[in-house]
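Quick notes on the structure that follows.
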Amino acid sequence: QVQLVESGGGLVQPGGSLRLSCEASGNIFNIHSMGWYRQAPGKRRELIAQMGGGDIPNYSDAVKGRFTISRNNARNAVYLRMNTLKPEDTAVYYCNGVIQITQDPPINYWGQGTQVTVSS
């Protein structure tokens, strides 16, 4: 089995910064991609940043220029640096990994979610 454990959420004032971390552990054969989703109250979960093979990042328009995703492949970890936070960034943030545990096709794994609240 694979577990994704997140950390780093919290309360921050508008314009502030936070850094989220996520580390995958377990019987990992290969990681295809890791990324971050978020879900605000009453809204669907949305992809905001992802990094796959070649470590090329992709961002949603809502966070482009403010958030930075990075990976540490040796630690099976992904990070999200969030700058210039806005109240509309308030949501539960979920780490996602597309991971093979055998040579079978990869499976989506999710972290437990971490709350980010942007408020004065």
Side-chain angles (χ1 to χ4, degrees):
Q1 280 292 348
V2 173
Q3 283 190 316
L4 273 63
V5 179
E6 306 169 17
S7 61
L11 173 65
V12 64
Q13 292 187 342
S17 298
L18 280 176
R19 184 176 184 257
L20 305 183
S21 300
C22 172
E23 193 160 321
S25 63
N27 190 22
I28 296 171
F29 176 71
N30 184 40
I31 297 179
H32 283 239
S33 67
M34 297 189 79
W36 293 92
Y37 288 68
R38 69 184 182 188
Q39 187 167 19
K43 294 189 176 182
R44 296 190 308 175
R45 190 175 297 189
E46 61 172 346
L47 174 64
I48 56 170
Q50 190 174 50
M51 184 174 277
D55 289 342
I56 298 173
N58 291 295
Y59 299 98
S60 70
D61 288 342
V63 307
K64 195 175 295 182
R66 300 187 298 123
F67 292 9
T68 302
I69 187 172
S70 60
R71 285 179 62 177
N72 182 328
N73 294 325
R75 298 190 64 174
N76 294 329
V78 64
Y79 310 97
L80 187 68
R81 177 68 178 180
M82 305 184 292
N83 294 329
T84 320
L85 282 160
K86 306 174 182 179
E88 52 262 44
D89 294 317
T90 296
V92 178
Y93 284 68
Y94 295 92
C95 173
N96 170 265
V98 180
I99 297 171
Q100 286 177 278
I101 59 173
T102 67
Q103 294 186 7
D104 290 336
I107 300 171
N108 259 321
Y109 291 91
W110 295 94
Q112 78 279 11
T114 185
Q115 177 70 45
V116 171
T117 302
V118 185
S119 175
S120 55

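All of these numbers come straight from a predicted model, not from anything done at the bench. Along the sequence shown, the residues carry numbers beginning at 1.
A salt bridge links K64 and D61; the closest N-O separation between the charged side-chain nitrogens and carboxylate oxygens is under 4.0 Å.
Using a 4.5 Å cut-off between side-chain heavy atoms of Ile, Leu, Val, Met, Phe, Trp and Tyr, with links allowed through other members, F67 and Y79 fall into different hydrophobic clusters. I28 and V98 are not part of a single hydrophobic cluster, where members link through side-chain heavy atoms under 4.5 Å apart. Transitive grouping of hydrophobic side chains (ILVMFWY, heavy atoms separated by less than 4.5 Å) brings V118 and L20 into a common cluster. Hydrophobic clustering of Ile, Leu, Val, Met, Phe, Trp and Tyr side chains at less than 4.5 Å, counting indirect connections, unites I31 with I101.
Contact record, S119 with P14: C-CD, 3.6 Å, taken as the closest heavy-atom pair. The minimum heavy-atom distance linking A24 with L4 is given by the pair CB-CD1, 4.0 Å. Between C95 and V78, the closest heavy-atom pair is SG-CG1, 3.8 Å. Minimum interatomic distance between G52 and S33 (heavy atoms only, all atoms of both residues): CA-CB, 3.7 Å. The two residues R38 and A62 come nearest to each other via the heavy atoms NH2-CB, 3.8 Å. Between T90 and A40 the shortest heavy-atom distance is O-CB, 3.7 Å.
Through chains of ILVMFWY side-chain contacts below 4.5 Å, L47 is grouped with Y37, V92, Y94, W110.
Under the side-chain hydrogen bond (donor to acceptor under 3.5 Å, both in side chains) test applied with R66, the options N83, T84, D89 reduce to a single match, D89.
Sparse packing is recorded around CD of Q103, with 12 or fewer heavy atoms of other residues, nucleotides or ligands lying under 6.0 Å away. Annotation: Q3, atom CD; neighbour count of heavy atoms from other residues, nucleotides and ligands within 6.0 Å does not exceed 12.
For the atom pair N72 CG and C22 SG, the distance stands at 12.0 Å (nearest 0.5 Å). In this structure, the separation between NE2 on H32 and CD on Q50 is 12.0 Å, given to the nearest 0.5 Å. Atom CD1 of residue I99 and atom CD1 of residue I107 lie 9.5 Å apart, to the nearest 0.5 angstrom. The distance from atom CD of Q39 to atom CD of E46, rounded to the nearest 0.5 Å, is 9.5 Å. Atom CE in M82 sits 11.0 Å away from atom CZ in R19 (nearest 0.5 Å). Atoms CD1 and CD1, from I69 and I56 in turn, are 13.0 Å apart once rounded to the nearest 0.5 Å.
For D104, the side-chain hydrogen bond (donor to acceptor under 3.5 Å, both in side chains) test picks out T102, with sequence neighbours left out.
Between the E6 side chain and the G113 main chain, a donor and an acceptor come within less than 3.5 Å of each other. A donor-acceptor contact shorter than 3.5 Å links the side chain of R71 to the backbone of M51.
Side-chain atoms of L11 and Q115, non-hydrogen and from C-beta on, never get closer than 4.5 Å to each other.
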Applying side-chain contact (heavy atoms from CB on, under 4.5 Å), run through N76 and S25 and close with a yes or a no. CA-CA 7 Å; N76 294 329; S25 63; over 6 Å; no
